[in-house]
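Read through the structure below, which is laid out as structure tokens, and then see the notes.
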Amino acid sequence: MHAPNNPPEIDLRAEFTRFMMSYKFAIDEVMTKINILREEFNHVHDYNPIEHVNSRLKSPESILEKAQRKSLEIDTAVIRENIHDIAGIRITCSFLSDIYKIRDMLARQVDLTVITERDYVAAPKANGYTSLHLIVSIPVFMSDRVEQVPVEIQIRTIAMDFWASLEHKIYYKYNREVPVTLLDELKDAAATANRLDLKMQNLHTQVRQLNASADAGPAGNEGTVPFGDLERLIVPKALLDSLAEQSPRPAPTEASDA
């Protein structure tokens, strides 16, 4: 005797639960990649371009509301194809150049595919918003399938993030009906944040150039002998004596009979 089929609503609930889990796992996968980069920069390089990382997963209610606004069929495949911000990661960095450095490092990951890129740093939105948006696809290995799951990654400087956070709070407070005077102030604040980013980038570039010059030394490379300075090729006697004392002495050999 065959077991009764599950009611459609139970099957849909199970499918949607698995759908949500795939996005949660996709965030975990990308966060692992980012954390590996952070660890490497902390221990190997002179500074870490990644200041902060945050992630968020849209709630099922928010996803279904957006699907209805877009007149989409309530089907997981259709939703995945048309809504790309279900899983989101935001990376905050110090300098403008870090934005593209981080983008390039992520794009080189062999199992991470950049689907779309929107560069609001080079071409800010009309309200002054700046950030680099990537939609990437990453494989999630489930028990019986491999799901290619899209994840939105936003990369921005600290100044950009501060402005975006303020703008979001103002729009929420006024229920998106923000007075014109405040909109003008926000746009002016975005320009100020951009000038700050440019100034900080310039200072960062100058400091790195100075450090590079200091590391190179006056001859261009520390520990080298200037060309033509033959006297410095003579090894000091004290150095030779010291090396001789530290070298193991050969064991004495027995004299052979003549």
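Every value quoted in this text rests on a predicted model; they were computed, and no experiment measured them.
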Is atom CZ of Arg118 surrounded by more than 12 heavy atoms (other residues, nucleotides or ligands) closer than 6.0 Å?
no

Enumerate the salt bridge (charged side-chain N to carboxylate O under 4.0 Å, His left out) contacts for residues 190-211, please, sequence neighbours excluded, ordered by first and then second residue.
Asp46-Arg208

Any chance CE of Met31 has more than 12 other-residue heavy atoms, nucleotides or ligands included, within less than 6.0 Å?
yes

Could you give the distance from CD (Gln109) to CD1 (Ile34), rounded to the nearest 0.5 Å?
9.5 Å

Might you point out which heavy atoms bring Val149 and Ala26 nearest each other, and give the distance in Å?
CG1-CB, 3.6 Å

Rounded to the nearest 0.5 Å, what separation is found between the CD atom of Glu51 and the CZ atom of Arg38?
8.5 Å

Hey, what do you get for CD1 (Ile155) to CZ (Arg90), rounding to the nearest 0.5 Å?
12.5 Å

Classify the ring geometry of Phe41 against His45: parallel below 30°, tilted from 30° to 60°, perpendicular beyond 60°.
tilted

Are Val136 and Ile153 packed together at the side-chain level, in the sense that at least one heavy-atom pair is separated by less than 4.5 angstrom?
yes

Side chain to side chain contact (heavy atoms under 4.5 Å, CB included) between Val180 and Asp184, worked out
CA-CA 6 Å; Val180 175; Asp184 291 340; 3.9 Å; yes

Neighbour count >12 (heavy atoms, 6.0 Å) for atom NZ, Lys58
yes

Does a side chain donor of either Asp119 or Tyr100 reach within less than 3.5 Å of an acceptor in the other side chain?
yes

Decide whether Gln148 and Ser137 meet the rule of one side-chain donor and one side-chain acceptor closer than 3.5 Å.
yes

If you count the non-hydrogen atoms of other residues, nucleotides and ligands that lie under 6.0 Å from CD in Glu40, is the total more than 12?
yes

Where Ile99 and Cys93 come nearest, the two heavy atoms and their spacing
CG1-SG, 3.6 Å

If only side-chain N and O atoms count, and only distance matters, is there a donor-acceptor pair under 3.5 Å linking Tyr47 with Asp98?
yes

Indicate the atoms forming the closest heavy-atom contact of Asp28 with Lys24, along with that distance.
OD2-NZ, 2.8 Å

Looking at Arg56 and Glu152, is any side-chain nitrogen of the basic one under 4.0 Å from a carboxylate oxygen of the acidic one?
yes

Common cluster, Ile79/Met21, ILVMFWY with side-chain heavy-atom separation under 4.5 Å
yes

When rounded to the nearest 0.5 Å, the distance separating CZ of Phe141 from CG of Asp111 is 7.5 Å

Cluster overlap Val114 with Ile86, hydrophobic side-chain contacts below 4.5 Å:
yes

Work out which heavy atom in His204 is nearest to a heavy atom in Ser97; give both atom names and the distance.
CD2-OG, 4.3 Å

Could you go through Ser131 and Gln154, starting from their C-alpha distance and side-chain angles, then the distance that decides it, and tell me whether this counts as side chain to side chain donor-acceptor pair (under 3.5 Å)?
CA-CA 7 Å; Ser131 185; Gln154 298 177 359; 4.9 Å; no

One should read off an interatomic distance between Ile102 CD1 and Ile91 CD1, to the nearest 0.5 angstrom, of 5.5 Å

Between the side chains of Arg80 and Asp75, is the shortest nitrogen-to-carboxylate-oxygen separation below 4.0 Å, so that they form an ion pair?
no

Is the distance between the ring centroids of His168 and Tyr129 less than 6.0 Å?
no

Note: Asp104-Arg108 ion pair, threshold 4.0 Å (strictly below)
no

Search all heavy atoms of Gly128 against all heavy atoms of Ala190 and return the closest pair with its distance.
O-CB, 3.4 Å

Glu147 with Arg145: basic N within carboxylate O range, under 4.0 Å:
yes

Ile89/Val151 under side chain to side chain contact (heavy atoms under 4.5 Å, CB included): CA gap, chis, key distance, verdict:
CA-CA 7 Å; Ile89 293 175; Val151 177; 4.2 Å; yes

Mark yes or no for whether Asn48, through its side chain, and Ile50, through its backbone, hold a donor-acceptor pair below 3.5 Å.
yes

Do any N or O atoms from the side chain of Thr205 and from the backbone of Gln201 form a donor-acceptor pair under 3.5 angstrom?
yes

On a heavy-atom basis, which atom in Ala87 and which in Tyr23 lie closest, and how many Å separate them?
CB-CD2, 3.8 Å

Pairing of Arg103 and Glu117 as salt bridge, 4.0 angstrom limit
yes

Residue pairs, two or more places apart or on separate chains, that pass salt bridge (charged side-chain N to carboxylate O under 4.0 Å, His left out) and touch residues 123-140
none

Within this structure, what is the CG-CZ distance for the pair Leu64 and Phe16, rounded to the nearest 0.5 Å?
4.5 Å

